[in-house]
Amino acid sequence: MTVKSANGGTRGGDLLVSSLRAQGVDRVFCVPGESYLPVLDALHDARGEIDLVVCRQEGGAANMADAYGKLTGRPGVCFVTRGPGATNASIGVHTAFQDSTPMVLFVGQVGSDIKDREGFQEVDFRAMFSPLAKWAAEISDPARIPEYVHRAFQTAMAGRPGPVVLALPEDVLSGVVAGDVSPGRPAQPVPAAPLGDRIARLQEMVEAAERPLMIIGGGGWSQEAGRATETFAERFGVGIVASLRCQDYVSNSHPHYIGHLAIGADPKLVKHLKEADLLIVLGSRLGEMTTAGYTLVQPPQPSVKMIHVYPDPEELGRVYQADLPINAATGETAKVLSQLTPGREKKSSWLAECRADYEASLQPVERGLKLDLADVIVKMRSRLPADTVVTNGAGNYTGWVHVYWPFETYRSQLAPTSGAMGYGVPAAVAAKLTFPERMVVAFAGDGCFLMNGQELATAVQYNAKVLFIVVNNGMYGTIRMHQERDFPHRISGTDLVNPDFAALARAYGLHGEQVETIEDFDAALERALAADIAALIELKVDPEAISVRSTITKLREAKR
């Protein structure tokens with residue numbers, strides 16, 4: 001396939017869009033900028049093949065690209081302008097990096113003729129993004145655009161997936177390449193398969209263990225990988241634990257699934273983790289949040305025997321010195337594990353106890369509140385389809401989602417392991433555009449919503465019928481919790497004065513309601529689901545219920 005030249009050559013912007021088409025790109029998220037006008041012009045001619053989603057802020061656009069990457073396994077593509085556009089988008093790049101999400105960010109750049117003069121909005125993007133991306137580069141020759149684009153997509157999907165950033169000088173986009181030009185071949189990630197001797201050793205260690213647990217997480221998963229993991233767990237009597245915000249990798253109703261290492265994990269799950277005599281870590285880095293500050297599994301040499309399977313060889317041994325490190329792709333490894341035959345049948349009363357404790361944790365504890373978020377989530381989960389996509393940003397409100405919403409379908413949870421606020425709203429818009437046939441629910445705290453709530457306008461513009469749930473307790477709840485724990489009664493910098501979120505939603509063109517009791521919520525939910533447009537329900541909750549397992553009063557008493 002070649003791009004035919006016209007009038008003596010092919011413009012760089014046209015060649016770039018042709019290269020995106022060669023990579024199979026079907027959707028691009030952006031905030032427009034004059035620095036990449038030739039690309040916008042070329043996208044006008046590609047409207048039948050590439051859907052252009054115009055967002056309201058670059059952070060929202062980058063979060064949408066991250067969500068697209070999570071949902072499809074293909075790089076989410078985002079275009080932003082230089083300077084402020086790129087700095088706004090950097091939060092989405094950081095999230096994609098920590099979440100191992102394939103993504104390509106294109107950034108407009110000043111012309112090559114004025115580089116290094118600190119021109120208008122000029123930034124050295126290679127230096128800026130090098131700690132946040134797998135690769136950051138600047139294209140200096142329009143003829144090499146296909147080469148850079150191919151490498152960007154290949155890199156984004158290779159090994160541990162992640163973000164790539166390409167800077168686009170104005171003269172490169174407006175420059176002309178003579179003759180017919182190939183837009184490049186589509187990137188083809190090559191997943192590493194585990195070596196046979198390593199798998200044999202893994203099987204020996206699993207069969208010798210009495211209480212083996214598997215911690216799953218990271219990038220490179222699929223529905224098939226999740227099912228294969230379940231098959232392995234069944235055959236070898238292994239319990240499955242999800243790392244932070246990776247709850248949807250396997251069915252939570254599976255009898256071997258025993259819980260989620262969330263921030264502030266269930267104490268009974270923590271107890272069982274410490275009882276395990278073998279940990280099989282599949283795809284997870286075992287980061288700070290999953291390990292509760294590296295206390296649940298202590299580096300560098302854990303006290304429990306550990307097998308660590310990871311697609312990036314440089315991660316193996318970097319923090320944890322496993323008894324058996326395996327450099328291999330998650331999906332390939334899961335497939336191989338599912339084909340193993342155990343030497344003996346293993347039934348475990350301990351595993352049954354672990355599962356029973358998980359099932360018990362799904363039952364809300366009565367707290368005597370007019371509107372308990374636990375009751376809200378239980379009602380929603382029973383009312384909505386099993387494949388509903390649930391998104392959230394960061395904040396204490398997410399604890400209720402993680403505890404009381406069991407996940408059944410792969411890629412039904414979109415949440416940032418980076419702890420970035422403002423993720424849930426744009427991620428939900430991207431999810432609905434990607435899977436229009438599925439129900440999508442976005443949870444956001446009041447502070448979290450106000451980070452990227454303007455993307456409601458994007459939802460309306462593209463008819464993305466999302467249900468937004470705003471949990472309003474009038475404060476930055478997570479910081480207030482830490483404040484009350486360390487400096488009780490000394491409230492500083494955590495109070496919020498909020499708008500009427502339901503009225504704000506109606507101003508954007510959504511169906512909007514505000515509720516203060518669980519009885520009112522039931523009817524409001526039905527009206528929201530019946531609406532033919534996106535809807536927002538604001539929950540006015542008691543700030544005393546500061547977290548899923550504590551209250552402000554309890555924190556103050558503990559300090560005293």
Side-chain angles (χ1 to χ4, degrees), residues 1-23 25-55 58 61-62 65 75 77-89 104-129 133 135-153 164-185:
M1 176 182 175
T2 58
V3 180
K4 298 294 184 180
S5 62
N7 298 323
T10 304
R11 187 177 54 172
D14 295 292
L15 184 53
L16 177 59
V17 171
S18 294
S19 296
L20 294 180
R21 291 161 63 188
Q23 297 304 325
V25 172
D26 60 2
R27 178 165 290 125
V28 166
F29 302 93
C30 82
V31 174
E34 71 273 18
S35 60
Y36 66 94
L37 279 176
V39 176
L40 292 173
D41 184 64
L43 285 169
H44 183 276
D45 293 331
R47 283 175 295 176
E49 298 178 65
I50 299 178
D51 181 25
L52 180 63
V53 179
V54 180
C55 307
E58 291 87 358
V77 177
C78 181
F79 278 86
V80 299
T81 197
R82 57 191 180 235
T87 50
N88 280 340
V104 179
L105 175 71
F106 293 95
V107 183
Q109 177 61 297
V110 299
S112 304
D113 58 330
I114 62 168
K115 283 291 301 296
D116 300 323
R117 292 179 178 173
E118 196 185 344
F120 180 60
Q121 300 180 337
E122 181 183 359
V123 174
D124 182 346
F125 295 116
R126 285 172 294 195
M128 173 184 167
F129 283 106
W135 180 47
E138 182 169 304
I139 304 176
S140 59
D141 180 356
R144 296 184 66 189
I145 287 174
E147 173 191 343
Y148 275 84
V149 172
H150 174 89
R151 179 178 170 184
F153 278 73
V164 169
V165 179
L166 289 182
L168 309 169
E170 290 185 7
D171 55 305
V172 170
L173 296 178
S174 60
V176 174
V177 180
D180 296 341
V181 186
S182 169
R185 293 177 176 173

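The chain is numbered in sequence order, starting from 1.
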When you compare the side chain of Leu16 with that of Val149, does any pair of heavy atoms fall below 4.5 Å? yes

Ala86 and Val107: which non-hydrogen atoms are nearest, and at how many Å? CB-CG1, 3.8 Å

Can you see which heavy atom on Gly83 is nearest to which on Phe125, and at what distance? N-CZ, 3.6 Å

Please name the pair of heavy atoms, one in Ala167 and one in Pro169, separated by the smallest distance, quoted to 0.1 Å. O-CD, 3.5 Å

First locate atom CG of Leu173, then atom CG of Leu37, and finally report the distance between them rounded to the nearest 0.5 Å. 9.5 Å

How long is the straight-line distance from OG of Ser174 back to CG of Asp14, given to the nearest 0.5 Å? 11.0 Å

Nearest-0.5 Å distance that lies between atom CZ in Arg11 and atom OG in Ser18: 10.5 Å

Could you tell me if the side chain of Arg82 sits less than 4.5 Å from the side chain of Val123, heavy atoms only? no

Say you draw a straight line from CZ of Phe29 to CG of Asp51; how long is it, rounded to the nearest 0.5 Å? 8.0 Å

For Leu52, all residues meeting side-chain contact (heavy atoms from CB on, under 4.5 Å), sequence neighbours excluded: Val28, Cys30, Leu40, Leu43, Val54

Arg47 side chain to His44 backbone, donor-acceptor under 3.5 Å: yes

Pair listing, side chain to side chain donor-acceptor pair (under 3.5 Å) test, anchored in residues 113-123, at least two apart: Lys115-Glu138

Test of understanding: with ring-ring contact (aromatic ring centres under 6.0 Å, His included), list the residues that count as partners of Phe129, not counting sequence neighbours. none

Is any side-chain heavy atom of Gln23 less than 4.5 Å from a side-chain heavy atom of Val104? no

Heavy-atom side-chain proximity of Val172 to Arg144 below 4.5 angstrom: no

When rounded to the nearest 0.5 angstrom, what is the spacing between CD in Glu147 and CG in Asp141? 9.0 Å

Heavy atoms, side chains only, cut-off 4.5 Å: are Val77 and Phe106 in contact? yes

Identify the heavy atoms of Ala62 and Cys78 that sit nearest to each other, and give their distance. N-SG, 3.8 Å

Atom pair CG/OG1 of Asn88 and Thr81 - distance to nearest 0.5 Å: 11.0 Å

What closest approach, in Å, do Val165 and Ala133 show between heavy atoms, and which atom pair accounts for it? CG2-CB, 4.1 Å

Any side-chain to backbone donor/acceptor pair from Glu58 onto Phe79? Under 3.5 Å, distance only. no

Close side-chain approach of Ser35 to Leu168, heavy-atom, < 4.5 Å: no

